[in-house]
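Report on the structure given below.
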Amino acid sequence: MEVIKSPAEMQKAAGALRSEASPLGLVPTMGALHDGHISLIKRATTECAAVVVSIFVNPSQFGLGEDFELYPSSLDSDLEICENLEIAVVYAPPADAMFEKGYDTWIEVPSLAAGLCGANRPGHFRGVATVVAKLFSICRPERVYFGEKDYQQLVLIRRMVLDLNLGVDVIGCPTVRENDGLAMSSRNANLEKNERERAIFISRGLCRAQDLFVAGERSVNELKKAAHEELEKGDVEIDYIEVIDPETMELLEVAFDSSRMAISAKVGAIRLIDNLPLKG
Ligand code: PAF
């Protein structure tokens, strides 16, 4: 397995890989790999002839006062995981190689970035869209793999790929959960014991809404009320609970089959997100 740090070298390696092994897959990550990432990587290795994993904690998607400095990092064990999964190349550039002095080009997907996490994290999706487009142009993948836990990110990237004719297949993969239902996230590593126990009420809120949906409830107010009650049990600080159209991200008042409930809440200082398709 090669570990490449320079964008120019990565581009060269990607060109060679693509001519020998197509389709070339990419799993973009910010490191601190967990079973959620591993499921993306495994899927990529079964569907692609060669796979690149990128590990880059992108400063431009963190706002002032957010957890950029505290974002968990475990490069040595990440590399070991990738080696064991027979990854061809890990692309792990330093920040100044991705955003050189004078960097001045940004990608905005304004409508899809406006609500949910975008409302609370101004500039976040501009940073995500820009770095993902750069990763595509550096790693030159034919298929890319993203988790559905970051659902707004997934929808926005699909839009960007269409709008800019990037010619990449975007594959969304189901959220991987701990045994008690907590969605896997690198940020879970920063939860104190008591916060870890309270965090499970986020997925319980989603499950409670899903149970009501199965029982025939379609009023978003009622579904949100039920989820809210669960979250209150965990004493978490709710950013939002919404039910959205899964393609347009439009907020709904009446839920339909496959509309999604999305939640963001802070447990102590850690902001966690989760979502679930409502299915009858
Ligand atoms: O989902 C993530 O880990 C990040 O937002 C991504 C897609 C790697 C871009 O930095």
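All ligand and atom numbering here is 1-based and tracks the order in the structure. Keep in mind that this is a model prediction, so the values were computed, not measured.
Near V131, meaning under 4.0 Å from any of its heavy atoms, are these atoms of ligand 1: 9 (C), 10 (O). For ligand 1, the atoms closer than 4.0 angstrom to any heavy atom of F146 are 7 (C).
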**OP:** List the steps, then state whether salt bridge (Lys or Arg N to Asp or Glu O under 4.0 Å) holds for R177 with D274.
**Re:** CA-CA 10 Å; R177 298 180 180 280; D274 198 356; 2.8 Å; yes
**OP:** Step by step, work out the salt bridge (Lys or Arg N to Asp or Glu O under 4.0 Å) result for E242 and K224.
**Re:** CA-CA 7 Å; E242 298 292 357; K224 281 165 71 167; 3.2 Å; yes
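Taking the centre and axis of the six-membered ring of Y145, the NZ or CZ atom of R43 falls outside the cone set by 45° and 6.0 Å.
The closest protein non-hydrogen atom to atom 3 (O) of ligand 1 is M30 CG, 3.6 Å. Among protein heavy atoms, atom 1 (O) of ligand 1 sits closest to Q153 NE2, 2.8 Å. The protein non-hydrogen atom at the shortest distance from atom 10 (O) of ligand 1 is Q61 OE1, 2.6 Å.
Atom CG of residue D78 and atom OG of residue S73 lie 7.5 Å apart, to the nearest 0.5 angstrom.
If you look at T29 next to ligand 1, the close heavy atoms, those under 4.0 Å, all belong to the backbone.
H34 NE2: more than 12 foreign heavy atoms inside a 6.0 Å radius.
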